[in-house]
Q: 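Questions regarding the structure given below will be posed in turn.
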There are 2 protein chains.
Amino acid sequence: MPQSIPSYSGIPMPSLRRLPGYHHFLKQLTELKEEYVSATTIAQELKLIPIQVRKDLAYTGIIGKPKVGYPVKELIIAIEEFLDWNNTKKAFLVGVGDLGRAIIKYQGFHKLGVEIIAAFDSSPEIIGSTIGGIKILHVDKLTTLAKRINVKIGIITVPEDAAQSIADKMIVGGIKGLWNFAPVKLKIPRDIVVQSVNLAASLSVLCKQLSDVIKK
Amino acid sequence: MPQSIPSYSGIPMPSLRRLPGYHHFLKQLTELKEEYVSATTIAQELKLIPIQVRKDLAYTGIIGKPKVGYPVKELIIAIEEFLDWNNTKKAFLVGVGDLGRAIIKYQGFHKLGVEIIAAFDSSPEIIGSTIGGIKILHVDKLTTLAKRINVKIGIITVPEDAAQSIADKMIVGGIKGLWNFAPVKLKIPRDIVVQSVNLAASLSVLCKQLSDVIKK
DNA sequence: TAGATTGTTAATCGATTAACAATC
DNA sequence: TAGATTGTTAATCGATTAACAATC
């Protein structure tokens with residue numbers, strides 16, 4: 001089997017990943033009171049080509065006007081609907097180190113419809129404290145609480161060796177989507193969705209490109 | 001122009017991104033004192049298929065033995081050499097918030113050959129202090145210091161609106177590779193390499209897959 | 001109107017996967 | 001030896017890019 005992913009709605013993964021970038025730029029345009037925007041303009045800003053932008057946007061169901069472009073407000077809404085940002089999803093975060101703290105405090109995920117309800121750790125010093133309005137609880141409460149509150153997303157910011165066991169607990173608690181920052185390939189059932197943020201991969205690519213460029 | 005990337009050594013980007021994962025698994029094998037490993041074994045562990053593993057590994061120049069597999073130690077070295085991990089590269093980090101702190105403290109990047117030499121911020125409260133053995137300096141010193149010490153990598157962990165100007169400073173300072181955590185498309189000259197960690201894209205993909213799975 | 005832009009259908013390109021001979 | 005595994009060459013698949021008619 002390949003690195004096959006649970007059926008998602010026909011959109012290619014790269015297109016899906018580009019959509020938030022379009023949204024971001026469109027939001028800037030609304031501040032400038034622009035009513036319409038062309039694929040050409042978007043492409044220039046994001047260093048893409050117009051045809052690619054049109055293809056990507058088409059997946060959201062938006063319909064543009066020839067000669068005019070896309071209606072900015074409608075397009076923003078189309079992207080948000082498509083990405084399901086309006087549907088708030090509850091999330092638990094486990095592992096309140098610096099990275100966990102950064103994610104808890106960062107306001108930007110609300111607009112993606114993700115709301116961190118509680119955070120968990122195993123260290124007695126921080127359990128009971130509050131960060132960015134979020135209570136830090138003991139990991140042991142994770143599973144039962146997840147079940148009770150019907151939490152859908154689990155954010156894993158624990159060290160590598162704890163990641164799998166935390167993932168297991170989350171899954172038992174009924175969590176369906178994992179956002180994983182630990183450098184591990186999580187072993188999970190088919191019906192669970194995972195996105196891993198692979199920092200080592202990203203930095204390695206940078207180093208490799210750098211050494212190639214310099215060598216040349 | 002597409003999202004074209006500076007000439008890197010013929011390896012496809014997806015293969016390049018998978019290499020650190022292979023390395024990680026191989027390191028575990030050495031602890032178990034395994035001498036050889038087959039593509040099949042690696043594939044199972046990382047949920048890939050053997051042929052893909054063989055193709056990826058071939059880029060490093062490793063030569064395996066039919067029927068036996070790949071020599072683990074040699075393979076580890078081949079990956080490290082290929083990714084240029086043995087060649088230590090100096091890095092500056094700008095933006096000492098929680099995320100910046102997390103990256104400074106994280107030990108794992110040393111093995112990728114990246115050494116954070118100094119960190120920068122604009123907030124007087126933390127300038128002068130030390131985090132994880134790293135001095136926090138004022139951003140104004142960034143450019144001249146980068147030039148003097150010959151720093152190659154810049155890590156950008158500042159808020160969105162500061163990212164571009166920091167990138168500019170880094171480039172003036174002679175930095176050639178940017179590791180960017182701000183949700184911005186940086187505008188940079190051709191000879192500069194960028195890897196952006198796009199958290200919004202990652203989380204959006206998760207949300208979309210989740211809503212598709214649940215809807216079904 | 002003329003020209004810019006959309007959306008559709010086709011062509012290209014590159015990564016993944018398959019087939020298979022070579023080999024330990 | 002027989003069978004598992006590598007590495008190479010070919011086929012497939014999917015994303016990107018091109019071509020072009022439709023249209024405001």
Side-chain angles (χ1 to χ4, degrees), chain A residues 1-19 21-22 26 29 34-72 74-75 78-79 82 201 205 208, chain B residues 1-19 21-22 26 29 34-72 74-75 78-79 82 201 205 208:
Chain A
M1 197 190 317
Q3 66 270 59
S4 71
I5 302 289
S7 66
Y8 50 100
S9 32
I11 185 174
M13 181 69 81
S15 299
L16 180 49
R17 288 184 57 91
R18 282 189 293 267
L19 288 180
Y22 299 139
L26 293 165
L29 287 181
E34 297 284 344
E35 273 209 64
Y36 286 87
V37 63
S38 73
T40 315
T41 307
I42 300 176
Q44 256 163 6
E45 177 69 19
L46 302 181
K47 291 189 194 144
L48 302 168
I49 58 176
I51 175 63
Q52 188 171 45
V53 174
R54 277 181 278 153
K55 270 275 160 69
D56 288 345
L57 296 182
Y59 286 107
T60 69
I62 192 74
I63 292 174
K65 284 188 192 164
K67 159 92 181 160
V68 181
Y70 300 89
V72 177
E74 281 180 46
L75 182 47
I79 293 174
F82 184 82
V205 170
K208 177 62 177 169
Chain B
M1 199 189 316
Q3 65 271 57
S4 68
I5 302 289
S7 64
Y8 51 100
S9 32
I11 184 173
M13 181 70 79
S15 299
L16 179 50
R17 289 183 57 90
R18 282 189 292 267
L19 288 180
Y22 299 139
L26 293 167
L29 287 183
E34 297 285 345
E35 273 209 64
Y36 285 88
V37 63
S38 73
T40 315
T41 306
I42 299 177
Q44 256 163 6
E45 177 69 19
L46 302 181
K47 288 188 196 148
L48 302 167
I49 56 176
I51 175 64
Q52 189 170 43
V53 174
R54 276 181 280 153
K55 270 276 161 69
D56 288 345
L57 296 183
Y59 286 106
T60 69
I62 192 75
I63 292 175
K65 284 190 192 161
K67 159 94 180 159
V68 181
Y70 299 90
V72 176
E74 279 181 44
L75 183 48
I79 293 175
F82 184 82
V205 170
K208 177 62 177 168

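Below, each value reflects all heavy atoms present in this structure, side chains not excepted, and no hydrogens, waters or symmetry copies. Quick caveat, the model's predicted, so the values are computed rather than measured.
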Q: Val205(A) and Met13(B): which non-hydrogen atoms are nearest, and at how many Å?
A: CG1-SD, 3.7 Å
Q: So does Ile63(B) have more than 12 non-hydrogen atoms from other groups sitting under 6.0 Å from CD1?
A: no
Q: Atom CG of Leu16(B) and atom C1' of dG14(C): how far apart are they, to the nearest Å?
A: 15 Å
Q: How long is the gap from CD1 on Ile79(A) to CG on Leu19(A), to the nearest 0.5 Å?
A: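 So the gap between those two atoms works out to 5.5 Å.
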Q: Map Pro14(A) and Gly64(B) onto DNA chain D by nearest heavy atom, then report which one ends up closer to the 5' terminus.
A: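 Closer to the 5' end of DNA chain D: Gly64(B).
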Q: Using side-chain heavy atoms (C-beta onward) and a distance below 4.5 Å, is Ile51(B) in contact with Arg54(B)?
A: yes
Q: For residues Lys65(A) and Tyr36(A), report the shortest heavy-atom separation together with the two atoms involved.
A: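 It is NZ-OH, 3.0 Å.
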Q: Starting at CE of Met13(B) and ending at C1' of dA15(D), how long is that distance when rounded to a whole Å?
A: 15 Å
Q: Just the rounded figure in Å: distance from P of dC13(D) to CD of Gln52(B).
A: 16 Å
Q: Using Watson-Crick and G-U wobble pairs with both distances under 3.5 Å, what is the 5'-to-3' dot-bracket string of DNA chain C, with [ ] for crossing pairs and | for pairs outside the strand?
A: ..||||||||||||||||||||||
Q: Under 4.0 Å between a side-chain N or O of Tyr36(A) and OP1 or OP2 of dA4(C)?
A: no
Q: For a side-chain contact (heavy atoms from CB on, under 4.5 Å) check, start with the C-alpha distance between Phe82(A) and Ile11(A), then their side-chain angles and the critical distance, and finish with the verdict.
A: CA-CA 10 Å; Phe82(A) 184 82; Ile11(A) 185 174; 3.8 Å; yes
Q: Side chain of Tyr70(B) only, please: which of dT16(C), dA15(C), dT6(D) is the nearest?
A: dT6(D)
Q: In B/S/- notation, 5' to 3', how is nucleotides 18-24 of chain D contacted by protein heavy atoms closer than 4.0 Å?
A: BB---BB
Q: Are any non-hydrogen side-chain atoms of Ile42(B) and Leu57(B) less than 4.5 angstrom apart?
A: yes
Q: With sugar-phosphate meaning primed atoms plus P, OP1 and OP2, does Ala39(B) contact a base, only sugar-phosphate, or nothing at under 4.0 Å between heavy atoms?
A: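 Touches sugar-phosphate only.
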Q: Within this structure, what is the NZ-to-P distance between Lys47(B) and dT16(C), rounded to whole angstrom?
A: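 Rounded to whole Å, this separation is 18 Å.
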Q: What is the distance, rounded to the nearest whole Å, between atom CG of Leu75(B) and atom P of dG7(D)?
A: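 Atom CG in Leu75(B) sits about 10 Å away from atom P in dG7(D).
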Q: Please state how far atom CG in Leu48(B) lies from atom C1' in dA15(C), giving the value in whole angstrom units.
A: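 So the two atoms are 14 Å apart, to the nearest Å.
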Q: Nearest to the side chain of Ser38(A) - dA15(D), dT6(C), dA15(C)?
A: dT6(C)
Q: Nearest whole angstrom, please: distance from the P of dT5(C) to the CD1 of Ile62(A).
A: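 Atom-to-atom, Ile62(A) to dT5(C), this comes out as 17 Å.
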Q: Can you name the nearest heavy-atom pair linking Leu48(B) to Arg18(B), along with the distance?
A: CD1-CD, 3.9 Å
Q: On a heavy-atom basis, which atom in Thr40(A) and which in Pro50(A) lie closest, and how many Å separate them?
A: CA-CG, 4.0 Å
Q: I need the CZ-P distance between Arg18(A) and dT17(D), as an integer number of Å.
A: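 Distance, rounded to whole Å: 8 Å.
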